[in-house]
Amino acid sequence: MRALIETIPRVIGLDEKVVEDLVAKRRLKLARTPDPKYGDYGVALHVVLHMVKAPRQEWDKLLSRIANEIMGSSRAKECFIYRIDYSNGYLNFYIDYRKLSRIIFKKIIDEALFDEIRSYGRGEKILVEHTSANPIHPLHIGSGRNAVIGNTFARILRRLGFSVREHFYVDDMGRQVAVMVYGYTKVKEKGIEPPPKIKPDHWIGAIYALTNIFVSIKNMHHEQEKIAGEIRTLIEHLKEEAFGKRGDGYLLAVTRIAESQLSLKHDPGAVLEMIVSALKKQEGKKPTGIRREAESLLLRYRDIRNKLAELYECAEDLRTVFPRLYDVLSQSIDEPEVFEEKVSELMKLYEEEDPRITRLFREAIDLVLRGFDSTLRRIGIVFDSYDWESDPEIKKLTREIIEASLRTRYGGSEGQAVIVDLGKAYEEDDYIRSIFGAEKPERVVLRRSDGTTLYVSRDIAYTIYKYRVTGAKKVYNVIATEQNLEQKQVRSVLYLLGYKDYADNTIHLAYEMVHLKGYRMRGRYGRYISMDELIERYRKLMLDQYMESHKKLGVEEAESILDKAEKLAVANTRYLLLSIEPLKVLTFDPGKLAEHTEGSWIQYTYARLLSILRKAYGEDIDRPDDVRREVTRDYDGIDIDAIGLTREEEEIIEKLMGYKDVLVTAYEEMKPNKVAEYAYELSSVLNLFYEKIPVIKERIENKKKFRLVLIYCAAKILGDAMYVMGIPVLPRI
RNA sequence: GGGCCCGUAGCCUAGCCAGGAUAGGGCGCCGGCCUUCUAAGCCGGAGACCCGGGGUUCGAAUCCCCGCGGGCCCGCCA
């Protein structure tokens, strides 16, 4: 690049500053060429050519002079350029990958590359909060996406030499947990204990869902009764009208039939429909008030019917799996008003730390957390800390920040309620404006009129807690995009409270939801695909794939194949949830699992590399490190100038050199999926190499050594990328 | 109503912020390759007016404006 800056102005007569400026603005930049026939890297010089109004016929002449000048300078050698081409205004460079390979191989063999990568973060303390699923049902693929993105991001940071802690925020003070505990109490009262062979989070999840379902069903029934009453009133009105100002015998007759039908076992919806269609006949196109009323009633009625149908379907699904829970809960759930009261009571008692209720909450939540932990361990995720929302420290901080907010410029109270006027702050404060952008905030309530706290206020306190307890310099919150606003509120209030530093360094790593093809995931009704189910499905798929190629499986092998299937399944699960850019909605079709096996494909590529190393150095090799000494020796013995590289080899070298940048970009852009993409591409070029280029059978010893070193280096990097993604490394498949 | 995000073949996705050569991959579909380092692989083929319309530019999937479609958020819920 420097050579260009020096050469171009001289050759085509531009000020050096102008060219330098273009480079700084990235108007002039070096990029890979679309095709090897144009060399390896190219730069488009159209901008400068147009600047000096060079006629097209002269382009080649000018470019050739630039090329010659650069080749003549010492720069070319330093950049491993052995040839420069030009065409259509592009200047194309040919790189001598043999020289490059020596450098990158050396760095990988003596581990200098990894030290270099590790030096990036300088041990700075970073806290990553992720997963933080409500402890009311098992982790589903939505919370799983959070876990995988969060954990991978943390692993990337660790690789880059940051000192990272992963925290899980146990949201135990919310209403949903109280609902779960309510149901749990009902089940417990009947003497039912968690069955030992059922995963506890799945069991609690069923309780939570059934509780919600039965309450909702009761609510819907009340609503239906209300509508039935309204239909009767409507008929009355209609009758009066038919008698009175309309004097309409037909309408009168219809109302009589309607009344009669309602007294029978007859669907009120059908009756409504009859009335609406009768009214339509009478009026033609223009609806009257009464018809509009009937129509809106009909819509409401249909809406409720659909919802009820869905609820019953969800209930039935659960009934087939948990018949006992279904029976108990279907009978013991209170009427909605009583239910609401009891749930509020539970919340209040838990916030007040009533010992009996606290024990009950902890007991139920622990069951779920135990389930979380086993799922998460399965996919290689272990938290450094579980922070409870109900932690006395956080509660105390919550009270303090509420008091402190009253003393800020925009804080105020209405009775016991405490409110921060972010709308006003937005008008007057640049910093607040910079947080919200075009989205003008409104007020945020930190304490209710009844004196209880809210999620946001506790979250603000928790954020301060994170910095204080861990000494973190930066905090990443891996949270769904639906919480965008809340995260901005948290930062704003922190700033207004004087914690500008915290506000600056609290970063929302936002990701989009996971949708299911065909239906909506509903945690509260038990409609979700859990992570455990996803992994199990993959495990079966992997087993099937094995059987397809091997046909037979001996009893003594079954155990080890199962173990492999598990690791392959974990790889596919993690890859699936990681590979899609966080800000894109992931629509998941459980029927198409077999199409998403990139994770295990990468593992396979890795196993092939090790297989080559085994053939070369000995059958007992399980990791590249086992042959480090031999590879070092081979590396020293290569006569690099005697080798002509194949395109495949060049591509691999190119990729290996890009590893560090990928990690850094993934960190800076908060796109851990970049690592997945990289591992996939590296695997892809490695598979091409594997198919086309012999290693063990290579006759020329020099070439063979070179390729073995290449394989070793590729295995090191691919293995490292896999580790970063939490994909288990299998030496043999 | 306001705001944020997304829109690339039948489906999924890279490239977009920092504009450059024929828009990369994958799944699925069609056709090939197992006496040669693991065929969970590879090769070939068909399949894209880069949501639409304007603009800026020598050059636009990429930048700007106006639309359209989808998701999410706007609670004294969490």
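Any value given below was found using the heavy atoms of this structure, including those in side chains, with hydrogens, waters and symmetry copies removed.
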(message) Would you measure the distance from the C1' atom in B/G71 across to the matching atom in B/G28 and give it in whole Å?
(response) 26 Å

(message) Strictly below 4.0 Å: does A/Arg448 bring a side-chain N or O up to OP1 or OP2 of B/G75?
(response) no

(request) Mind telling me if B/C34 is syn or anti? Syn here is a glycosidic angle within 90° of 0. (result) syn

(message) On RNA chain B, compare the nucleotides closest to A/Val695 and A/Leu583; which residue's is nearer the 5' end?
(response) A/Leu583

(message) Quick test of your reading of the model: are A/Arg175 and A/Glu340 salt-bridged, counting only N-O distances below 4.0 Å?
(response) yes

(request) Please state the P separation for the pair B/A40 and B/C34 - nearest whole angstrom. (result) 15 Å

(request) Write down the distance separating the P atoms in B/G59 and B/U13, rounded off to the nearest Å. (result) 32 Å

(message) Can you confirm whether more than 12 heavy atoms, excluding those of A/Lys424, are under 6.0 Å from its NZ atom?
(response) no

(request) Quote, to the nearest angstrom, the C1' distance that separates B/A18 from B/A61. (result) 16 Å

(request) Determine the Euclidean distance between corresponding P atoms of B/C11 and B/G70; express it in Å to zero decimal places. (result) 16 Å

(message) So if I define the base as every atom that isn't primed, P, OP1 or OP2, how would nucleotides 21-28 of chain B read as a B/S/- string at a heavy-atom cutoff under 4.0 Å?
(response) BB--SSS-

(message) Tell me whether A/Lys440 is salt-bridged to A/Glu427, with the criterion being a basic N under 4.0 Å from an acidic carboxylate O.
(response) yes

(request) Residues of residues 437-446 of chain A with any non-hydrogen atom less than 4.0 angstrom from an atom of RNA chain B: list those, numerically ordered, please. (result) A/Ala438, A/Glu439, A/Glu442, A/Arg443, A/Val445

(request) Provide, to the nearest angstrom, the distance between the NE2 atom belonging to A/His508 and the C1' atom belonging to B/C72. (result) 12 Å

(request) Just do the side-chain contact (heavy atoms from CB on, under 4.5 Å) check on A/Lys671 and A/Thr665 with the steps written out, would you? (result) CA-CA 8 Å; A/Lys671 285 180 183 170; A/Thr665 314; over 6 Å; no

(request) Return yes if a side-chain donor-acceptor contact under 3.5 Å exists between A/Asn572 and A/Ser600, otherwise no. (result) yes

(message) Quick check on B/A40: is either OP1 or OP2 less than 4.0 Å from any side-chain nitrogen or oxygen of A/Tyr604?
(response) yes

(request) Go ahead and write out RNA chain B as dot-bracket, 5' to 3': ( ) for pairs within the strand, [ ] for ones crossing earlier pairs, | when the partner sits on another strand, dots for unpaired; Watson-Crick or G-U wobble, both distances under 3.5 Å. (result) (((((((..((((......[...)))).(((((.......))))).....(((((..]....))))))))))))....

(message) Work out how far the C1' atom of B/C12 is from that of B/U56, and round it to whole angstrom.
(response) 33 Å

(request) Any chance you could list the contact pattern along nucleotides 13-19 of chain B? Use B for base contacts, S for sugar-phosphate-only contacts and - for none, protein heavy atoms under 4.0 Å, 5' to 3'. (result) SSS-BBS

(request) Determine the Euclidean distance between corresponding P atoms of B/G24 and B/C50; express it in Å to zero decimal places. (result) 13 Å

(request) Round to a whole Å and report the spacing from CG of A/Leu485 to P of B/C5. (result) 14 Å

(request) Using only heavy-atom distances, decide whether a donor-acceptor pair under 3.5 angstrom links the side-chain of A/Ser449 to the base of B/C76. (result) yes

Run the side-chain donor-acceptor check on residues 574-589 of chain A: report pairs under 3.5 Å with partners two or more places apart or on a different chain.
unit_1, atom_1, unit_2, atom_2, d
A/Arg574, NE, A/Met725, O, 2.8
A/Arg574, NH1, A/Asn151, OD1, 3.0
A/Arg574, NH1, A/Ile379, O, 2.6
A/Arg574, NH2, A/Asn151, OD1, 2.8
A/Arg574, NH2, A/Thr152, OG1, 3.1
A/Arg574, NH2, A/Met725, O, 3.3
A/Tyr575, OH, A/Ala676, O, 3.4
A/Ser579, OG, A/Tyr575, O, 3.1
A/Ser579, OG, A/Leu576, O, 3.3
A/Asp589, OD1, A/Gly591, N, 3.0

(request) Applying side chain to side chain contact (heavy atoms under 4.5 Å, CB included) between A/Thr131 and each of A/Phe372, A/Tyr169, A/Phe168, report the one that passes. (result) A/Phe168

(request) Find the distance A/Leu686:CG to B/C42:P and express it as a whole number of Å. (result) 11 Å

(request) Can you tell me, in whole Å, how much space there is between the C1' of B/U57 and that of B/A14? (result) 25 Å

(message) Can you tell me if A/Arg608 touches the phosphate of B/A40, counting only side-chain N or O atoms and a distance under 4.0 Å to OP1 or OP2?
(response) no

(request) Measure the distance from CD on A/Glu691 to P on B/C34 and round it to the nearest whole Å. (result) 12 Å

(request) Name the residue closer to the 5' end of RNA chain B, choosing between A/Lys488 and A/Asp171 according to the nucleotide with the nearest heavy atom. (result) A/Lys488

(request) Rounded to the nearest angstrom, tell me the gap between atom CD in A/Glu351 and atom P in B/C77. (result) 12 Å

(request) Scan A/Ile693 against the nucleic acid and name what it touches under 4.0 Å (heavy atoms): base, sugar-phosphate only, or nothing. (result) base

(message) Any carboxylate oxygen within less than 4.0 angstrom of a Lys/Arg side-chain nitrogen, looking at A/Glu651 and A/Lys655?
(response) no

(request) Take atom CE of A/Met347 and atom C1' of B/C77, then tell me their distance rounded to the nearest Å. (result) 9 Å

(message) Once salt bridge (charged side-chain N to carboxylate O under 4.0 Å, His left out) is applied, do any residues pair with A/Glu442, and if so which ones, sequence neighbours excluded?
(response) none

(request) Take A/Glu649 and A/Arg707 through the test salt bridge (Lys or Arg N to Asp or Glu O under 4.0 Å) and record every step on the way to the result. (result) CA-CA 8 Å; A/Glu649 288 163 313; A/Arg707 288 180 187 158; 2.8 Å; yes

